[in-house]
Protein chains: 2
Amino acid sequence: MSRHRKKERKHPLTNINTTKDKILEVAIDLFSHKGYSGVSIREITREVGIKESSLYNHFKNKDEIITTIFELFRNEFAKTLPPTELLEDILKNSTIQQFFEKGFENFKEHIDHPKNEKLWRIIYIEHYRNSIARELFLNDIIKNTLSFLEIVFEILIMQKKIKPLRPSLLAAEYQYPMFSMLAEYNMLRFDQKDTSEIENKMKEHVEFFLDTVRVDESTQK
Amino acid sequence: MSRHRKKERKHPLTNINTTKDKILEVAIDLFSHKGYSGVSIREITREVGIKESSLYNHFKNKDEIITTIFELFRNEFAKTLPPTELLEDILKNSTIQQFFEKGFENFKEHIDHPKNEKLWRIIYIEHYRNSIARELFLNDIIKNTLSFLEIVFEILIMQKKIKPLRPSLLAAEYQYPMFSMLAEYNMLRFDQKDTSEIENKMKEHVEFFLDTVRVDESTQK
DNA sequence: GTCTATACGAGGATAGAC
DNA sequence: GTCTATCCTCGTATAGAC
């Protein structure tokens with residue numbers, strides 16, 4: 001496999017080719033530990049191996065660094081949800097267990113990626129100080145995910161796989177526990193503590209939720 | 001009602017008597033907006049109306065200020081859960097709806113208090129940078145609340161009011177959605193946005209959850 | 001317990017040579 | 001695009017008079 005041009009990189013943060021990428025990588029690492037105001041330009045450039053003044057060839061100021069990081073997060077997170085157009089097909093060809101287990105796996109893969117993990121932490125740390133982070137949280141994370149799930153449940157209800165409850169209620173009941181369990185998961189990983197308990201809770205939640213809302217076709221228990 | 005001595009104050013942050021209290025009040029406000037490292041001693045003392053050097057008569061350094069704030073939060077949060085000894089009595093004398101609605105109201109009162117709201121935000125902002133905040137989150141908030149609820153559900157299962165599911169699963173299903181909804185609620189309030197939608201979701205969650213796990217005595221639907 | 005004065009390193013950012 | 005040199009403000013913290 002030969003090395004390709006920038007445009008063809010798989011993950012925008014996995015291959016570091018340019019100084020700008022390197023700055024971003026270091027900034028993400030430092031911000032995710034100490035927060036934006038806890039990290040200085042000096043610290044970033046020292047770690048990158050350039051002088052402070054050189055950084056300003058790539059970013060006009062400190063704020064532009066974190067703004068770029070937020071944009072990066074937005075793009076990465078958007079990839080975790082499959083396009084709505086494909087949904088009906090996907091749902092037709094899988095059981096609801098398969099669908100939610102697959103979705104959970106996808107998401108876990110996303111959040112387990114070291115860079116994404118750090119991006120999430122930055123959002124958590126900055127979401128009160130920085131209004132872009134806050135909007136990202138409220139719109140891109142919460143709202144988009146819930147809207148996506150609403151559509152999922154609408155379809156599943158039409159397909160008679162799920163009890164005819166209000167889709168927005170179902171979406172909330174499924175997703176809100178996930179948000180806080182994921183936050184806890186990320187916190188535990190930060191301290192390199194054992195995550196098996198919270199991972200189990202996530203799986204149990206999916207099971208319990210599906211058991212609660214599923215229309216059981218075979219046994220009609 | 002006459003003014004009493006410090007020891008008898010209702011809320012440790014409502015009456016500001018001493019310079020130390022004033023410093024804490026200002027620090028809480030500033031930290032909750034800009035984070036610990038985003039706020040300087042100069043800024044705090046300017047707001048309080050004293051010189052920088054005077055602050056060091058009350059706190060040995062900047063870190064001691066936030067440590068004190070964390071301790072304050074711990075105490076305030078502990079008040080939101082009724083003592084376990086009284087639980088059985090309380091549960092005997094109320095329906096499960098009443099119990100959970102009352103618990104929710106109590107908690108909402110706690111989090112709506114402006115000072116507590118700020119304390120929560122500080123925990124959110126600092127919980128990756130500061131290990132005390134992180135422990136507070138994992139132990140005092142998450143673990144304690146879940147342990148408390150486990151006991152509640154054990155009792156309710158014994159009283160045949162709730163289906164005989166595993167208490168820890170019930171506690172998780174009830175509480176984890178609450179954590180993230182409360183985070184969203186706090187975020188919306190920060191921007192003074194409308195909170196009626198998320199408040200509704202919280203209420204709907206309690207309803208849905210109770211409907212799911214309740215043993216219906218009268219109709220056995 | 002508050003003040004003035006002071007120390008001194010760290011902060012973001014720019015000008016201009018190479 | 002990187003460097004050296006420089007700017008000036010802000011940062012925490014202390015000494016010592018009142």
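Predicted, not measured: the structure shown is a model, and the values here were computed from it. These values consider heavy atoms only, across backbone and side chains, with no hydrogens, waters or symmetry-generated copies.
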Scan the side chains in residues 80-87 of chain B for donor-acceptor partners under 3.5 Å anywhere in the protein, sequence neighbours excluded, and list what turns up.
from: B/T80; atom 1: OG1; to: B/F77; atom 2: O; distance (Å): 2.7

Would you tabulate the side-chain donor-acceptor contacts of residues 182-192 of chain B under 3.5 Å, counting partners in other chains and residues two or more places apart, or write 'none'?
from: B/E184; atom 1: OE1; to: A/Y176; atom 2: OH; distance (Å): 2.5
from: B/Y185; atom 1: OH; to: B/K108; atom 2: NZ; distance (Å): 3.2
from: B/Y185; atom 1: OH; to: B/D112; atom 2: OD1; distance (Å): 2.6
from: B/Y185; atom 1: OH; to: B/D112; atom 2: OD2; distance (Å): 3.4
from: B/Y185; atom 1: OH; to: B/R189; atom 2: NH1; distance (Å): 3.1
from: B/N186; atom 1: OD1; to: B/R121; atom 2: NE; distance (Å): 2.9
from: B/N186; atom 1: OD1; to: B/R121; atom 2: NH2; distance (Å): 3.2
from: B/R189; atom 1: NE; to: B/E117; atom 2: OE2; distance (Å): 2.5
from: B/R189; atom 1: NH1; to: B/D112; atom 2: OD1; distance (Å): 3.3
from: B/R189; atom 1: NH2; to: B/E117; atom 2: OE1; distance (Å): 3.4
from: B/D191; atom 1: OD1; to: A/R134; atom 2: NE; distance (Å): 3.1
from: B/D191; atom 1: OD1; to: A/R134; atom 2: NH2; distance (Å): 2.6
from: B/D191; atom 1: OD2; to: A/R134; atom 2: NE; distance (Å): 2.8

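Shown for residues 122-134 of chain B: no residue has heavy atoms falling under 4.0 angstrom of DNA chain D.
B/F107 and B/W120 have perpendicular rings, their planes meeting at more than 60° on a 0 to 90° scale where under 30° would count as parallel. Note on ring orientation: taking the six-membered ring where Trp is involved, the planes of B/F137 and B/H127 are tilted (angle from 30° to 60°).
For A/K203 and A/F104, the positive end is not near the middle of the six-membered ring at less than 6.0 Å and at most 45° from its axis. In this structure, A/K20 is positioned above the aromatic face of A/F59, its NZ or CZ under 6.0 Å from the six-membered ring centre and within 45° of the axis.
For D/dG1, the OP1/OP2 oxygens have no side-chain nitrogen or oxygen of A/S54 closer than 4.0 Å.
Every residue was checked against the salt bridge (Lys or Arg N to Asp or Glu O under 4.0 Å) condition with A/K62, not counting sequence neighbours, and none meets it. Considering only residues two or more places apart in sequence or on other chains, B/R42 meets the salt bridge (Lys or Arg N to Asp or Glu O under 4.0 Å) condition with B/E52.
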Classify every nucleotide of nucleotides 5-18 of chain C by which part a protein heavy atom approaches to under 4.0 Å, writing B for the base, S for the sugar-phosphate alone and - for neither, in 5'-to-3' order. ------BBBBB---

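Whole-Å rounding puts the B/K22 NZ to C/dG1 P distance at 17 Å. Rounded to whole angstrom, the span from the CD1 atom of B/I44 across to the P atom of D/dA13 amounts to 11 Å. What separates NZ of B/K51 from C1' of D/dC10 is a distance of 15 Å, to the nearest Å. In this structure, B/L55 atom CG and D/dA13 atom P are separated by 9 Å, rounded to whole Å.
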